[in-house]
There are 2 protein chains.
Amino acid sequence: MESQDLKKAGLKATLPRIKILNILESSPARHMSAEDVYKALLEGGEEVGLATVYRVLTQFEAAGLVERHHFEGGHSIFELNDGDHHDHILCVKCGRVDEFMDDVIEQRQHQIAEEKGYNITSHSLYIFGICRKCQK
Amino acid sequence: MESQDLKKAGLKATLPRIKILNILESSPARHMSAEDVYKALLEGGEEVGLATVYRVLTQFEAAGLVERHHFEGGHSIFELNDGDHHDHILCVKCGRVDEFMDDVIEQRQHQIAEEKGYNITSHSLYIFGICRKCQK
DNA sequence: GGCTATAATGAGAAGCGTTCGCATTAGTGT
DNA sequence: ACACTAATGCGAACGCTTCTCATTATAGCC
Ligand SMILES: [Mn+2]
Ligand SMILES: [Mn+2]
Ligand SMILES: [Zn+2]
Ligand SMILES: [Zn+2]
């Protein structure tokens, strides 16, 4: 029940929020833009304003339900926060997205932050390339 | 002489391009937005349109004279391309930027790309944190 | 050194993703 | 069920960037 998840996150269980959470959970695409979510709602016959989609996604992010990424291209991409951190590798031709987690890289980043005198708060790592299919 | 650098890069040596290259070379800030460059021109009493600054920076990027980065915040940041690759660590409080290069991370990225079947073309890595000064 | 073909510029309009303002609507706790 | 308040939808506005197009400057040739 999504209402429970929302309330646990400290958010009122409104219809738009439930519907948006639903889209994020049931959509085949793990990584969606606000526009993607909006279109999915419209296709489902739901009446939700685009501004609300943006607002709700931002609230979800603040509540830790969702993560926001900046895959090149100026717009934000959201994905459900499953709790496990990972980074992304993307195909510059077809837009395919794969996920990975590398302990060596994570560790080196902390090392570097320490060397430079920073108290690390986050990082963003994207590898761009051409996927297997697009190489042929 | 900047005119030579521009011609070598296959670009006509126009006044705006020379002035912009000059700003990039002489400004104390290594990392500048288009707006930063524009303001520096104005402060120097130069008459260059903002649209031209954007156009020229994009051309410089295509010519390999300059690199474009997407430090959070929606706008592009440019820096002279010195030929040596590096990544960035930024202070989320004061905006300070430091540079680093880590062979271990670079190598792991290629490893990951290979494992995932990607032909790597580039990557972007930003570490965010709080710098020494801002920690106090 | 001038002349011409052509590419570059400047100014403002337009584009795009995102946020804001405000009147209306809906959830919550009683 | 009610009232209090927060959330919504709509359109306008935003910030950064790109486009359009008339004007201007550069490069190569005479
Ligand atoms: Mn992901
Ligand atoms: Mn740099
Ligand atoms: Zn691909
Ligand atoms: Zn700082």
Side-chain angles (χ1 to χ4, degrees), chain A residues 1-23 31-42 44-63 65-78 95, chain B residues 1-23 31-42 44-63 65-78 95:
Chain A
M1 198 91 176
E2 290 83 3
S3 338
Q4 300 314 313
D5 298 334
L6 288 170
K7 289 188 177 162
K8 246 182 275 176
L11 296 168
K12 259 201 212 174
T14 67
L15 245 45
R17 298 215 259 240
I18 292 169
K19 289 172 189 166
I20 290 170
L21 192 49
N22 236 309
I23 295 283
H31 305 93
M32 304 180 79
S33 68
E35 194 75 34
D36 290 337
V37 172
Y38 180 61
K39 279 181 192 150
L41 286 166
L42 293 189
E46 306 290 359
E47 300 275 329
V48 178
L50 180 55
T52 299
V53 173
Y54 275 102
R55 264 187 305 237
V56 167
L57 287 173
T58 301
Q59 292 157 351
F60 281 7
E61 182 192 12
L65 290 176
V66 142
E67 279 198 16
R68 181 194 300 256
H69 302 293
H70 302 282
F71 299 175
E72 81 223 296
H75 56 295
S76 294
I77 297 288
F78 301 85
Chain B
M1 197 93 175
E2 290 84 3
S3 336
Q4 300 313 314
D5 298 335
L6 289 170
K7 289 188 178 162
K8 246 181 275 177
L11 295 168
K12 260 201 213 172
T14 66
L15 245 45
R17 297 215 260 240
I18 292 169
K19 288 172 191 166
I20 290 170
L21 192 48
N22 236 308
I23 294 285
H31 306 94
M32 302 179 80
S33 68
E35 195 75 32
D36 291 337
V37 172
Y38 180 62
K39 279 182 193 150
L41 287 166
L42 292 190
E46 307 290 358
E47 297 275 330
V48 177
L50 180 56
T52 299
V53 173
Y54 275 103
R55 262 186 309 238
V56 167
L57 287 173
T58 301
Q59 293 157 351
F60 282 6
E61 183 191 12
L65 290 176
V66 141
E67 278 198 18
R68 181 194 300 257
H69 303 293
H70 301 283
F71 299 175
E72 81 222 294
H75 57 295
S76 295
I77 297 287
F78 301 86

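Note on naming: letters A, B, ... go to the chains in the order of the sequence lines (proteins, then strands), and numbering restarts at 1 for each one.
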Over how many whole Å does the gap from B/E72 atom CD to C/dT18 atom P extend?
16 Å

When you match B/A51 and B/G74 each to their closest nucleotide on DNA chain D, which lands nearer the 5' end?
B/G74

Over all strands shown, is A/S33 touching base, sugar-phosphate only, or nothing at heavy-atom distances under 4.0 angstrom?
nothing

Test of understanding: with salt bridge (Lys or Arg N to Asp or Glu O under 4.0 Å), list the residues that count as partners of B/E35, not counting sequence neighbours.
none

Atom pair CG (A/D36) and CD1 (A/I23), whose distance is rounded to the nearest 0.5 Å:
10.5 Å

Would the distance check show the side chain of B/R17 and the main-chain N or O of B/K12 forming a donor-acceptor pair, the cut-off being under 3.5 Å?
yes

Atom-pair distance (OH on B/Y54; P on C/dT9), nearest Å:
16 Å

Any side-chain heavy atom of B/S76 sitting closer than 4.5 Å to one from B/H70?
yes

Is the shortest heavy-atom distance from the side chain of B/R68 to the side chain of B/T58 under 4.5 Å?
yes

Could you walk me through whether B/L6 and B/T14 pass the side-chain contact (heavy atoms from CB on, under 4.5 Å) test, one step at a time?
CA-CA 9 Å; B/L6 289 170; B/T14 66; over 6 Å; no

Could you state the CD1-C1' distance from A/I18 to C/dT28, rounded to the nearest angstrom?
13 Å

Check the distance between C/dT19's C1' and A/Q59's CD and give it to me in whole angstrom.
13 Å

With a 4.5 Å heavy-atom cut-off, do A/F60 and A/L11 have their side chains touching?
yes

Toward the 5' end of DNA chain D, by each residue's nearest nucleotide, B/G73 or B/P16:
B/G73

To the nearest 0.5 Å, what is the distance between NE2 on B/H69 and CZ on B/F78?
10.0 Å

Heavy atoms only, 4.0 Å cut-off, all strands: where does B/T14 land among base, sugar-phosphate and nothing?
sugar-phosphate

Heavy-atom pair with the smallest gap, counting every atom of B/S3 and B/I18:
OG-CD1, 4.1 Å

Give a yes/no answer on whether the side chain of B/R55 brings an N or O atom under 4.0 Å of OP1 or OP2 in C/dA8.
no

Could you check how far CZ of B/R17 sits from C1' of C/dG10, rounded to whole Å?
15 Å

Distance check needed: C/dT18 C1' versus A/L50 CG, whole Å only.
8 Å

To 10°, what angle do the rotation axes through the five end pairs on each side of the helix from C/dG1-D/dC30 to C/dT30-D/dA1 form?
30°

For a quick check of understanding: with a heavy-atom distance under 4.0 Å over all strands, which category does A/E47 fall into, base, sugar-phosphate or nothing?
sugar-phosphate

For the pair made of CG in B/L41 and C1' in C/dT9, what is the distance, rounded to whole Å?
13 Å

Can you list the residues that meet the ring-ring contact (aromatic ring centres under 6.0 Å, His included) rule with A/H31, with sequence neighbours excluded?
A/F71, A/H88

Nucleotide interval of DNA chain D bounded by contacts with chain B (heavy-atom cut-off, under 4.0 Å)
D/dC16 to D/dA27

If you measure from CG on A/D5 to NZ on A/K7, what distance do you get to the nearest 0.5 Å?
11.5 Å

Per-pair distances, 0.1 Å, donor-acceptor, side chain in residues 46-57 of chain A, under 3.5 Å, sequence neighbours excluded:
{"unit_1": "A/E46", "atom_1": "OE1", "unit_2": "A/K19", "atom_2": "NZ", "d": "3.2"}
{"unit_1": "A/T52", "atom_1": "OG1", "unit_2": "A/R55", "atom_2": "NH2", "d": "3.3"}

Contacts to DNA chain D from residues 4-13 of chain B, heavy-atom cutoff under 4.0 Å, which residues?
B/K7, B/K12, B/A13

Measure NE2/B/H75 against C1'/C/dT18 and give the value in whole Å, please.
16 Å

